[in-house]
Amino acid sequence: MTALAAAGTTAAVLPGPLDPLVDGFGRVHRDLRVSLTDRCQLRCTYCLPEEFQDWLPGGRLLSADEILEVVATAVPLGIRTVRLTGGEPLLRRDVVEIVRRIAELPHAPEIAMTTNGLRLAGLAADLAAAGLDRVNVSLDTLDPETFRRMTGRDRLRDVLSGLAAARDAGLRPVKVNAVLVRGRNEHEAPALLRRALVEGWSLRFIEQMPLDAGRTWSRERMVSAEDTAALLSEAFSLTPLAERGSSPAEEWLVDGGPATVGIVASVTRPFCGDCDRVRLTADGQVRGCLFARHESDLVPVLRDPALDRRGRRHAVEAVLRGAIGRKQAGHGMGEAGFVPPLRPMSAIGG
Ligand SMILES: C[S@@+](CC[C@H](N)C(=O)[O-])C[C@H]1O[C@@H](n2cnc3c(N)ncnc32)[C@H](O)[C@@H]1O
């Protein structure tokens, strides 16, 4: 638990920064997504093909000190949530140390993590003790054979153990992210929701985006938010909840509640107007959007021996503001001339 949470305080009561991170469309940025590595043990068909080899060389990854420098600069500028992701964040040997050091910052942000869950059983307790607040675990199927076909690995049991460990460690809510792929797991949508209700997971279905390294995405084949709601409605009664705010998921009450299910319609009903996110890649590039064509390089300022701590923080802030200032109104998917980003999701940080 962060110091803030322990004190029973919430981010909302903190005084706002004098000069927050605002883009050209008036969107205030409060959510920093930090990719700890581009590596992952899984090969999800919609993310990383088996033959992918274009890994970042180890020396290009930011060190824990460098990551902390960026986070410590961003927090006084109004960042209230830091989400650790990747690649697979739990592949970083220093992941517990990184969590602990973020939690020890003055006015520590909420710390969340998106993980495939494979190493969570062994790490959840240490992560929670270090200050991790909550996790999103990716799980697309409850069938071991479908899991193997969708991820290239026979590891469903490890993910389920990881989810149990997250709950036991008090990481709440335990969120589960599921991507439905046509002809592969879409029929499992109701079973995933049924299991989520039993386990107390907060389940969200995410529309597949054109971010796979294999460039196999097609809008026609994608299982849309509307399709997902229809699949779930065959087994449950869904009532839409109002207003998603800056949260990407549209929430639905399941069978009258109190349980809910979320559907993230990134492609068919984008939520860019409420975007409050900025991303840091594992090799020190700031991106205003998953789909940005431009990256702002923090490495020269993080590794400039001529800068003292104050000078470095000013320089990091300038790069963050520059990247946020360049944000477009929307991700542009579906518009004429849309080109997917050069890097796959695993290298940007999901
Ligand atoms: C890229 S992963 C990184 C974190 C971690 N390895 C994990 O599995 O959760 C983050 C999330 O992105 C989702 N994802 C990956 N590729 C996607 C795509 N093309 N469209 C939508 N979601 C995607 C994954 O399902 C996962 O929930």
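FYI, the numbering just counts along the sequence from 1. Just follow the structure's listing: the first ligand is 1, and inside any ligand the first atom is 1.
Listed for the Glu188 side chain is a donor-acceptor partner under 3.5 Å among the backbone atoms of Leu142.
With hydrogens and angles left out, the side-chain atoms of Glu251 and Thr260 include a donor and acceptor closer than 3.5 Å. Side-chain N/O atoms of Arg83 and Asn136 include a donor and acceptor closer than 3.5 Å.
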For residues 338-350, tabulate all N or O donor-acceptor pairs below 3.5 Å that involve a side-chain atom, not counting sequence neighbours.
residue, atom, partner, partner atom, Å
Arg343, NE, Glu295, OE2, 3.0
Arg343, NH1, Asp283, OD1, 3.3
Arg343, NH1, Asp283, OD2, 3.4
Arg343, NH2, Asp283, OD1, 3.0
Arg343, NH2, Asp283, OD2, 3.3
Arg343, NH2, Glu295, OE1, 3.0
Arg343, NH2, Glu295, OE2, 3.4

Can I get a per-line list of side-chain donor-acceptor pairs under 3.5 Å for residues 297-306, giving both atom names and the distance, sequence neighbours left out?
residue, atom, partner, partner atom, Å
Asp297, OD1, Gln285, NE2, 2.9
Asp297, OD1, Val299, N, 3.0
Arg303, NE, Glu66, OE2, 2.7
Arg303, NH2, Leu61, O, 3.4
Arg303, NH2, Glu66, OE1, 3.0
Asp304, OD1, Ala306, N, 2.8

So what's ligand 1 close to, N/O to N/O, under 3.5 Å?
residue, atom, partner, partner atom, Å
ligand 1, 6 (N), Gly87, O, 2.8
ligand 1, 6 (N), Glu88, OE1, 3.0
ligand 1, 8 (O), Ser138, OG, 3.3
ligand 1, 9 (O), Thr115, O, 3.3
ligand 1, 9 (O), Ser138, OG, 2.5
ligand 1, 19 (N), Tyr46, O, 3.0
ligand 1, 19 (N), Met209, O, 2.9
ligand 1, 20 (N), Met209, N, 2.8
ligand 1, 25 (O), Tyr46, OH, 3.2
ligand 1, 27 (O), Ser138, OG, 2.7
ligand 1, 27 (O), Asn177, ND2, 3.4

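The list of salt bridge (charged side-chain N to carboxylate O under 4.0 Å, His left out) pairs with a residue in residues 222-232, not counting sequence neighbours, reads Arg182-Asp227.
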